[in-house]
Amino acid sequence: MSLLRPVRVRFAPSPTGELHIGGARTALFNYLVARASNGTFILRIDDTDLERSRPEYTDGLLNSLRWLGLDWDEGPYFQSQRLEEYNRAAARLLEEDKAYHCYCTPEELAAGREAARKAGKPYLYPGTCRDLSQEETRAYLAAGRSPVIRLRTPDRGETVVRDLIRGEVRFDNSNLDDFIIVKSNGLPTYNFASVVDDALMQISDVIRGEEHLSNTPRQQLCIEALGYEAPRFAHVPMILAPDRSKLSKRHGATSVEEFRGRGYLPEALLNYIALLGWSPGEKEIVSLSEMVSLFSLERVNKTAAIYDTNKLTWMNGHYLREAPLEQLTEKALPFFEAEGLLHAPVEGNELDYFQKIVDTVRDRVKTLAELAEASTYFYRDDFSYEPKGVEKHFRKEGTDELLRRAADLLRKLEPFELDSIEKAYRSLSEDLGISTGRLIHPTRLAISGKTMGPGLFEIIVLLGRNRTVERLERAARWIG
RNA sequence: GGCCCCUUCGUCUAAUCGGUGAGGACACCAGCCUUUCAAGCUGGCAGCAGGGGUUCAAAUCCCCUAGGGGUCACCA
């Protein structure tokens, strides 16, 4: 890393949609670079596209970032509020004759592109307005045309982009035309605004998605024209959908908010996306702070990654089991509310009960949504019995009687505790000359409606004597 | 189509300057544990896109082919 200037990085999304995992990873890598080098992480909203930008997307972006724990040091800055800066820069280029007004209409340009397409030739802006006379300019103005501003780019030579991940990438200038830097509505284009801002904000490292690599020579040209010092570039590989195409809405869950809504933990999502394009070394389970000390852009690979929810889900299960109980319970609450099991202020005995449930159920689920879903019978009596469980455990002759015996046993058992219940169950089955399983399986089905779940005796203790006995008797009646 | 980038198990990845039985994780399969389901533990399946070079030696360097992706807007 250069010692010449402090590390300042930026994440600059455009507010045209939710934060998806590709953007989240870009944000993460920026964050890691900043934190590792005692630098500054800046958030900038690139909202120069009036049509597509929406304030609510900005809110969503900030929310997602906060939820992930990727806190920024400066910003958010909004490009839409920095127009004077771009105007000033453009005026300077105009003055130095490094840029010029172009009065071609979108229709004329489209016609040119179409002609080139028909001829099978690549289209480049032909430089029609490159050297207009004053009369020509006056005529266009009189005709009411409002111009764009184009950068005068070299016809020969090459533009070299130095990329931390990919090395030197060379582009032949003959393939680059005089592109637009200011639109006819006075707003800068992306390439221009981002160069101006990166320079003004003294960004040392531009870390962004690979889709920007092809744009970089244009930015490089802007940088040179404006006499700026170029930042280091790092184009991180793309994250592709399972069908190898670019991430989009039609690929199921791709946004941070969606994963959040499905009950994924931020630490799991962060850990998972960090592994896309980067490897922390021997252990893959790493916290954000561990990532900070292990990360380096040099170790980011060049290959696009296809994301696979399997591993994320597994990882989420891991974090679910490792999380401190109080925190996990807090995070689970909205999901229990959504299932209609709990209502907001949960405290006292109710909280105690809630925590115990979370603790026993979390071992066998992978998301918070599953956690709540798998906990319903702790709160509701109106569950039905799993059909295949009924076939397997209720059908056998005498099962109703077995359940009544169990109910009788539990009704007067003292003390009513995990060990004593288990002991009682085992000796009852021994007395009856049956396997403990013969007693356990129907009991589980009777009190939870399910054939699988936490240890039976744990469920019984949580439900308590009354509800257990009631449910056993109800099942016995249902069978008989 | 032009330009640019990329190519290790199904997926994510590791393999210091070329010498490895190509390692790990998820998924999958099997076993153990066990009242169920998980978890956990153990084991298994599975990969250097293809072809040429260079070299004593190539996943690693070079070239070609194929494939994938990105970008070519008054979008970012």
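Residue numbers begin at 1 in each chain, while the letters A, B, ... track the order of the sequences.
Spacing between B:G18 and B:U55 at atom P, rounded to whole Å, works out to 16 Å. B:A15 sits 15 Å from B:A25 when the C1' atoms are compared, rounded to a whole Å. The separation of B:G19 from B:C4, taken at their C1' atoms, amounts to 35 Å, rounded to a whole angstrom. One C1' atom belongs to B:U7, the other to B:C48, and the distance between them is 10 Å to the nearest Å. Of the P atoms belonging to B:G24 and B:G47, the separation is 14 Å, rounded to the nearest Å. Taking the P atom of each, B:A22 and B:U36 are spaced 41 Å apart, rounded to whole Å. Using atom P as the reference point in both B:U8 and B:U34, the two lie 43 Å apart (nearest Å). Taking the C1' atom of each, B:C64 and B:U54 are spaced 15 Å apart, rounded to whole Å.
Residue side chain A:Glu211 does not reach the base of B:G69 through any donor-acceptor N/O pair under 3.5 Å, judged by distance alone. With hydrogens and angles ignored, no donor-acceptor pair under 3.5 angstrom links the side chain of A:Asp308 to the base of B:A27. Evaluation of atom-type donor-acceptor distances gives a pair under 3.5 Å for the side chain of A:Arg364 against the base of B:C37. Taking only distance into account, the side chain of A:Ser214 never meets the base of B:C4 through a donor-acceptor pair shorter than 3.5 Å.
Taking 4.0 angstrom as the limit, A:Thr48 places a side-chain polar atom (N or O) nearer than this to OP1 or OP2 of B:A76. Listed pair A:Asn301 / B:U13 meets the phosphate criterion, a side-chain N or O lying under 4.0 Å from OP1 or OP2.
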| said: Please evaluate residues A:Arg232 and A:Asp205 with respect to the criterion salt bridge (Lys or Arg N to Asp or Glu O under 4.0 Å), reporting the C-alpha separation (whole Å), side-chain torsions for both, the decisive distance (0.1 Å), and the verdict. | reply: CA-CA 5 Å; A:Arg232 286 178 293 256; A:Asp205 299 81; 2.6 Å; yes

| query | Between A:Glu458 and A:Lys356, is a salt bridge (Lys or Arg N to Asp or Glu O under 4.0 Å) present by the stated rule, with each step listed? | reply | CA-CA 10 Å; A:Glu458 291 175 67; A:Lys356 282 178 178 155; over 6 Å; no

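Atoms CG (A:Leu240) and P (B:G10) sit 17 Å apart, rounded to a whole Å.
Checking A:Gln220 against A:Thr159 by side-chain atom types alone, no donor-acceptor pair falls below 3.5 Å.
Each of A:Val365 and A:Arg25 lies near RNA chain B, and the nucleotide nearest A:Arg25 is the one positioned closer to the 5' end. Along RNA chain B, the nucleotide nearest to A:Lys183 and the one nearest to A:Glu168 differ in position, and the one closer to the 5' end is contacted by A:Glu168.
Using a 4.0 Å cut-off between charged nitrogen and carboxylate oxygen, A:Lys98 and A:Asp178 do not count as a salt-bridge pair. Checked for salt-bridge contact, A:Glu85 and A:Arg88 meet the test: a charged N lies under 4.0 Å from a carboxylate O.
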